[in-house]
There are 2 protein chains.
Amino acid sequence: MSAETSLCPTETALDLIGGKWKGMILFYLCKEKKRFNQLMRLVPGISQRMLTKQLRDLESNGIIHRKVYPEVPPKVEYSLTPLGKSLKPVVDALEAWGIQYIGEGGAQD
Amino acid sequence: MSAETSLCPTETALDLIGGKWKGMILFYLCKEKKRFNQLMRLVPGISQRMLTKQLRDLESNGIIHRKVYPEVPPKVEYSLTPLGKSLKPVVDALEAWGIQYIGEGGAQD
DNA sequence: CCGTATCCGAATCGATACTG
DNA sequence: CAGTATCGATTCGGATACGG
(Lines give C-alpha, C1' and ligand atoms only; values in the text may rest on other atoms or scores of the structure.)
Protein backbone atom coordinates (compact mmCIF):
# COMPACT_ATOMS: atom_id res chain seq x y z
CA MET A 1 0.00 0.00 0.00
CA SER A 2 2.33 2.68 0.85
CA ALA A 3 5.55 4.00 -0.44
CA GLU A 4 6.77 2.94 2.93
CA THR A 5 6.58 -0.80 2.39
CA SER A 6 9.41 -1.36 -0.05
CA LEU A 7 11.16 -4.60 -0.57
CA CYS A 8 14.48 -5.16 1.06
CA PRO A 9 16.56 -7.72 -0.78
CA THR A 10 19.76 -6.50 0.74
CA GLU A 11 19.06 -8.66 3.72
CA THR A 12 19.52 -11.89 1.88
CA ALA A 13 22.71 -10.92 0.12
CA LEU A 14 24.19 -9.62 3.33
CA ASP A 15 23.14 -12.76 5.05
CA LEU A 16 25.33 -14.71 2.66
CA ILE A 17 28.40 -12.49 2.63
CA GLY A 18 27.82 -10.42 5.73
CA GLY A 19 30.09 -11.99 8.30
CA LYS A 20 33.42 -10.65 9.30
CA TRP A 21 35.38 -12.78 6.87
CA LYS A 22 33.14 -13.89 4.04
CA GLY A 23 33.54 -10.73 2.03
CA MET A 24 37.27 -11.03 2.08
CA ILE A 25 37.24 -14.69 1.17
CA LEU A 26 34.92 -13.97 -1.74
CA PHE A 27 37.14 -11.11 -2.78
CA TYR A 28 40.06 -13.43 -3.22
CA LEU A 29 38.11 -16.28 -4.73
CA CYS A 30 36.71 -13.86 -7.29
CA LYS A 31 40.12 -13.76 -8.85
CA GLU A 32 40.94 -17.43 -8.90
CA LYS A 33 40.51 -20.62 -6.98
CA LYS A 34 42.53 -21.00 -3.86
CA ARG A 35 43.68 -23.69 -1.50
CA PHE A 36 43.01 -23.73 2.21
CA ASN A 37 46.40 -22.53 3.32
CA GLN A 38 46.51 -19.90 0.64
CA LEU A 39 43.40 -18.39 2.14
CA MET A 40 44.89 -18.68 5.60
CA ARG A 41 47.77 -16.53 4.47
CA LEU A 42 45.64 -14.08 2.51
CA VAL A 43 43.12 -13.38 5.23
CA PRO A 44 45.03 -11.74 8.06
CA GLY A 45 44.22 -12.89 11.53
CA ILE A 46 41.78 -15.64 10.71
CA SER A 47 42.10 -18.92 12.56
CA GLN A 48 41.82 -22.39 11.09
CA ARG A 49 38.58 -22.89 12.89
CA MET A 50 37.06 -19.72 11.52
CA LEU A 51 38.24 -20.28 7.99
CA THR A 52 36.80 -23.77 8.00
CA LYS A 53 33.54 -22.48 9.35
CA GLN A 54 33.23 -19.68 6.83
CA LEU A 55 34.09 -21.95 3.93
CA ARG A 56 31.57 -24.55 5.02
CA ASP A 57 28.99 -21.84 5.36
CA LEU A 58 29.65 -20.44 1.91
CA GLU A 59 29.62 -23.93 0.50
CA SER A 60 26.30 -24.84 2.05
CA ASN A 61 24.83 -21.69 0.59
CA GLY A 62 25.95 -22.71 -2.88
CA ILE A 63 28.40 -19.86 -3.27
CA ILE A 64 31.64 -21.77 -3.42
CA HIS A 65 32.65 -25.24 -4.52
CA ARG A 66 35.00 -27.48 -2.59
CA LYS A 67 37.08 -29.84 -4.67
CA VAL A 68 39.05 -32.51 -2.90
CA TYR A 69 41.92 -34.22 -4.66
CA PRO A 70 42.28 -37.77 -3.35
CA GLU A 71 46.01 -37.75 -2.87
CA VAL A 72 48.67 -37.33 -0.25
CA PRO A 73 49.33 -34.80 0.96
CA PRO A 74 45.72 -33.70 0.82
CA LYS A 75 44.80 -30.94 -1.54
CA VAL A 76 41.56 -29.00 -1.55
CA GLU A 77 40.64 -26.20 -3.89
CA TYR A 78 37.92 -23.67 -3.32
CA SER A 79 36.31 -21.90 -6.23
CA LEU A 80 33.23 -19.84 -6.96
CA THR A 81 30.10 -21.50 -8.24
CA PRO A 82 28.01 -19.65 -10.83
CA LEU A 83 25.97 -18.26 -7.97
CA GLY A 84 29.14 -17.12 -6.31
CA LYS A 85 30.33 -15.47 -9.50
CA SER A 86 27.07 -13.60 -9.68
CA LEU A 87 28.12 -11.81 -6.51
CA LYS A 88 31.06 -10.21 -8.25
CA PRO A 89 29.27 -6.89 -8.86
CA VAL A 90 28.63 -6.68 -5.13
CA VAL A 91 32.22 -7.44 -4.28
CA ASP A 92 33.33 -4.93 -6.88
CA ALA A 93 31.13 -2.23 -5.39
CA LEU A 94 32.50 -3.03 -1.96
CA GLU A 95 36.03 -2.84 -3.28
CA ALA A 96 35.46 0.39 -5.20
CA TRP A 97 34.07 2.05 -2.13
CA GLY A 98 36.92 0.85 0.01
CA ILE A 99 39.54 2.16 -2.39
CA GLN A 100 37.86 5.51 -2.69
CA TYR A 101 37.16 6.18 0.95
CA ILE A 102 39.80 4.27 2.78
CA GLY A 103 42.64 4.05 0.36
CA GLU A 104 44.77 1.34 -1.10
CA GLY A 105 46.55 0.55 2.09
CA GLY A 106 43.93 -1.86 3.27
CA ALA A 107 41.86 -1.69 6.39
CA GLN A 108 42.66 0.98 8.87
CA ASP A 109 40.30 1.79 11.67
CA MET B 1 55.78 -12.14 -5.54
CA SER B 2 52.93 -10.07 -5.38
CA ALA B 3 50.21 -11.51 -7.45
CA GLU B 4 49.09 -13.07 -4.22
CA THR B 5 49.22 -10.06 -1.97
CA SER B 6 46.38 -7.99 -3.28
CA LEU B 7 44.63 -5.34 -1.33
CA CYS B 8 41.32 -6.15 0.24
CA PRO B 9 39.19 -3.09 0.84
CA THR B 10 36.03 -5.09 1.12
CA GLU B 11 36.79 -5.63 4.75
CA THR B 12 36.29 -2.06 5.76
CA ALA B 13 33.05 -1.55 3.89
CA LEU B 14 31.62 -4.76 5.26
CA ASP B 15 32.74 -3.76 8.70
CA LEU B 16 30.52 -0.72 8.44
CA ILE B 17 27.41 -2.27 6.93
CA GLY B 18 28.02 -5.92 7.67
CA GLY B 19 25.85 -6.59 10.67
CA LYS B 20 22.50 -8.25 10.54
CA TRP B 21 20.54 -5.03 10.40
CA LYS B 22 22.76 -2.26 9.10
CA GLY B 23 22.26 -3.11 5.45
CA MET B 24 18.53 -2.94 5.78
CA ILE B 25 18.63 0.32 7.72
CA LEU B 26 20.88 1.82 5.08
CA PHE B 27 18.62 0.51 2.38
CA TYR B 28 15.71 2.47 3.77
CA LEU B 29 17.70 5.56 4.64
CA CYS B 30 19.02 5.64 1.09
CA LYS B 31 15.58 6.67 0.00
CA GLU B 32 14.81 9.32 2.56
CA LYS B 33 15.36 10.24 6.17
CA LYS B 34 13.37 8.32 8.70
CA ARG B 35 12.33 8.62 12.30
CA PHE B 36 13.07 6.04 14.95
CA ASN B 37 9.66 4.43 15.01
CA GLN B 38 9.45 4.40 11.25
CA LEU B 39 12.56 2.27 11.20
CA MET B 40 11.12 0.08 13.92
CA ARG B 41 8.18 -0.67 11.68
CA LEU B 42 10.25 -1.05 8.52
CA VAL B 43 12.79 -3.47 9.90
CA PRO B 44 10.89 -6.59 10.82
CA GLY B 45 11.75 -8.19 14.11
CA ILE B 46 14.26 -5.69 15.38
CA SER B 47 14.06 -4.64 19.01
CA GLN B 48 14.42 -1.14 20.36
CA ARG B 49 17.70 -2.04 21.91
CA MET B 50 19.11 -3.38 18.68
CA LEU B 51 17.87 -0.50 16.56
CA THR B 52 19.37 1.99 18.97
CA LYS B 53 22.64 0.13 18.94
CA GLN B 54 22.83 -0.13 15.17
CA LEU B 55 21.97 3.53 14.71
CA ARG B 56 24.56 4.63 17.24
CA ASP B 57 27.09 2.44 15.50
CA LEU B 58 26.34 3.87 12.08
CA GLU B 59 26.41 7.35 13.55
CA SER B 60 29.78 6.91 15.20
CA ASN B 61 31.16 5.69 11.88
CA GLY B 62 29.97 8.84 10.19
CA ILE B 63 27.48 7.10 7.96
CA ILE B 64 24.27 8.56 9.27
CA HIS B 65 23.31 11.80 10.94
CA ARG B 66 21.05 12.04 13.96
CA LYS B 67 19.00 15.19 14.19
CA VAL B 68 17.10 15.84 17.40
CA TYR B 69 14.26 18.31 17.39
CA PRO B 70 14.01 19.93 20.83
CA GLU B 71 10.29 19.64 21.27
CA VAL B 72 7.68 17.53 22.94
CA PRO B 73 6.94 14.88 22.03
CA PRO B 74 10.54 14.17 21.06
CA LYS B 75 11.34 13.82 17.41
CA VAL B 76 14.53 12.41 15.96
CA GLU B 77 15.36 12.06 12.30
CA TYR B 78 18.05 9.87 10.86
CA SER B 79 19.56 10.65 7.48
CA LEU B 80 22.59 9.70 5.45
CA THR B 81 25.71 11.78 5.63
CA PRO B 82 27.72 12.31 2.44
CA LEU B 83 29.78 9.31 3.44
CA GLY B 84 26.60 7.33 3.90
CA LYS B 85 25.34 8.41 0.50
CA SER B 86 28.57 7.21 -1.02
CA LEU B 87 27.57 3.71 -0.01
CA LYS B 88 24.56 3.80 -2.29
CA PRO B 89 26.31 1.91 -5.13
CA VAL B 90 27.03 -0.87 -2.67
CA VAL B 91 23.45 -0.98 -1.46
CA ASP B 92 22.27 -0.90 -5.06
CA ALA B 93 24.48 -3.82 -5.97
CA LEU B 94 23.19 -5.74 -2.98
CA GLU B 95 19.63 -4.96 -3.97
CA ALA B 96 20.13 -5.84 -7.61
CA TRP B 97 21.58 -9.19 -6.67
CA GLY B 98 18.77 -9.88 -4.27
CA ILE B 99 16.12 -9.11 -6.85
CA GLN B 100 17.75 -11.26 -9.46
CA TYR B 101 18.51 -14.30 -7.37
CA ILE B 102 15.89 -14.25 -4.68
CA GLY B 103 13.03 -12.38 -6.22
CA GLU B 104 10.93 -9.41 -5.35
CA GLY B 105 9.19 -11.07 -2.48
CA GLY B 106 11.78 -10.00 0.00
CA ALA B 107 13.80 -12.22 2.24
CA GLN B 108 12.80 -15.81 2.35
CA ASP B 109 14.78 -18.20 4.42
C1' DC C 1 8.26 9.48 21.29
C1' DC C 2 12.79 8.05 21.94
C1' DG C 3 15.46 6.11 24.18
C1' DT C 4 18.70 3.75 28.57
C1' DA C 5 19.67 -0.02 32.19
C1' DT C 6 19.71 -4.54 33.73
C1' DC C 7 19.22 -9.43 33.62
C1' DC C 8 20.50 -13.61 31.58
C1' DG C 9 20.73 -17.42 28.23
C1' DA C 10 22.74 -18.31 23.63
C1' DA C 11 25.86 -17.84 20.12
C1' DT C 12 30.55 -16.58 18.74
C1' DC C 13 35.32 -16.79 18.57
C1' DG C 14 40.47 -17.40 19.72
C1' DA C 15 43.75 -20.63 21.48
C1' DT C 16 45.27 -25.01 21.77
C1' DA C 17 45.73 -29.83 21.00
C1' DC C 18 44.98 -33.67 18.06
C1' DT C 19 44.08 -36.49 13.41
C1' DG C 20 44.14 -38.84 8.55
C1' DC D 1 47.96 -30.23 4.07
C1' DA D 2 43.56 -29.71 5.66
C1' DG D 3 41.06 -30.08 8.79
C1' DT D 4 38.24 -31.63 13.84
C1' DA D 5 37.51 -31.40 19.16
C1' DT D 6 37.23 -29.12 23.21
C1' DC D 7 37.49 -25.23 26.49
C1' DG D 8 36.84 -20.73 28.25
C1' DA D 9 36.17 -15.79 27.50
C1' DT D 10 33.68 -12.47 25.29
C1' DT D 11 29.90 -10.71 22.96
C1' DC D 12 25.16 -10.87 21.17
C1' DG D 13 20.62 -10.26 21.64
C1' DG D 14 15.74 -10.66 23.37
C1' DA D 15 12.68 -9.43 27.29
C1' DT D 16 11.51 -6.31 30.55
C1' DA D 17 11.42 -2.20 33.26
C1' DC D 18 12.31 2.55 33.74
C1' DG D 19 13.31 7.77 32.34
C1' DG D 20 13.29 12.53 29.91
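Being a predicted model, the structure only gives us computed values, none of them experimental. In the text below, chain A, chain B and the rest are named by the order of the sequence lines, each starting its count at 1.
- For the pair Arg66(A) and dG3(D), the criterion of a side-chain N or O lying under 4.0 Å from OP1 or OP2 is met.
- For dT6(C), neither phosphate oxygen OP1 nor OP2 lies less than 4.0 angstrom from any side-chain nitrogen or oxygen of Arg49(B).
- Here the C1' atom of nucleotide dC1(C) and the NZ atom of Lys34(B) are 18 Å apart, to the nearest Å.
- Between the NZ atom of Lys22(A) and the C1' atom of dT12(C) there is a distance of 12 Å, given to the nearest Å.
- Within the nucleic acid shown, Tyr69(A) has no heavy atom closer than 4.0 Å to any nucleic acid atom.
- Distances shorter than 4.0 Å separate none of the side-chain N or O atoms of Arg35(A) from OP1 or OP2 on dC1(D).
- When the P atom of dA5(C) is taken as reference, atom CZ of Arg56(B) falls 10 Å away, rounded to whole Å.
- The two residues Leu14(A) and Ile17(B) make their nearest non-hydrogen contact at CD1-O, 3.7 Å.
- Taking atom CD on Gln54(B) and atom P on dC2(C), their separation rounds to 18 Å, with Å as the unit.
- Across every non-hydrogen atom of Met24(B) and Pro44(B), the tightest pair is SD-CD, 3.8 Å.
- Along DNA chain C, the nucleotide closest to Lys53(B) and the one closest to Arg41(B) are compared, and the more 5′ of them pairs with Arg41(B).
- Put simply, CE on Met40(A) is 10 Å from C1' on dA2(D), counting in whole angstrom units.
- Tyr78(A) has no side-chain polar atom (N or O) that falls below the 4.0 Å cut-off from OP1 or OP2 of dC1(D).
- When each of dG20(C), dG3(D), dG14(D) is scored by its nearest atom to the side-chain atoms of Ser47(B), the top-ranked nucleotide is dG14(D).
- Tyr78(B) pairs with exactly one of Lys34(B), Glu59(B), Arg66(B) by the side chain to side chain donor-acceptor pair (under 3.5 Å) rule, that one being Arg66(B).
- Separating the CG atom of Leu39(B) from the C1' atom of dC1(C) is a distance of 14 Å, rounded to the nearest angstrom.
- The side chain of Asn37(A) lies closest to dA2(D) when the candidates are dA2(D), dT4(D), dG14(D).
- Ranking dG14(D), dA2(D), dT4(C) by closeness to the Gln48(B) side chain, first place goes to dT4(C).
- Checking dG14(D), dT4(C), dC1(D) against the side-chain heavy atoms of Pro73(A) singles out dC1(D) as nearest.
- Along DNA chain C, the nucleotide closest to Pro74(A) and the one closest to Gly45(A) are compared, and the more 5′ of them pairs with Gly45(A).
- Nucleotide dG3(D) holds its C1' atom 16 Å from the CD atom of Gln38(A), rounded to whole Å.
- Of the candidates dA2(D), dG3(C), dC1(C), the closest approach to any side-chain atom of Phe36(B) belongs to dG3(C).
- The closest donor-acceptor contact from the side chain of Thr81(B) to the backbone of Gly62(B) lies under 3.5 Å.
- Here dA11(C) presents its C1' atom at 16 Å from NZ of Lys20(A), a figure rounded to the nearest Å.
- Atom NZ of Lys75(A) has more than 12 heavy atoms from other residues, nucleotides or ligands within 6.0 Å.
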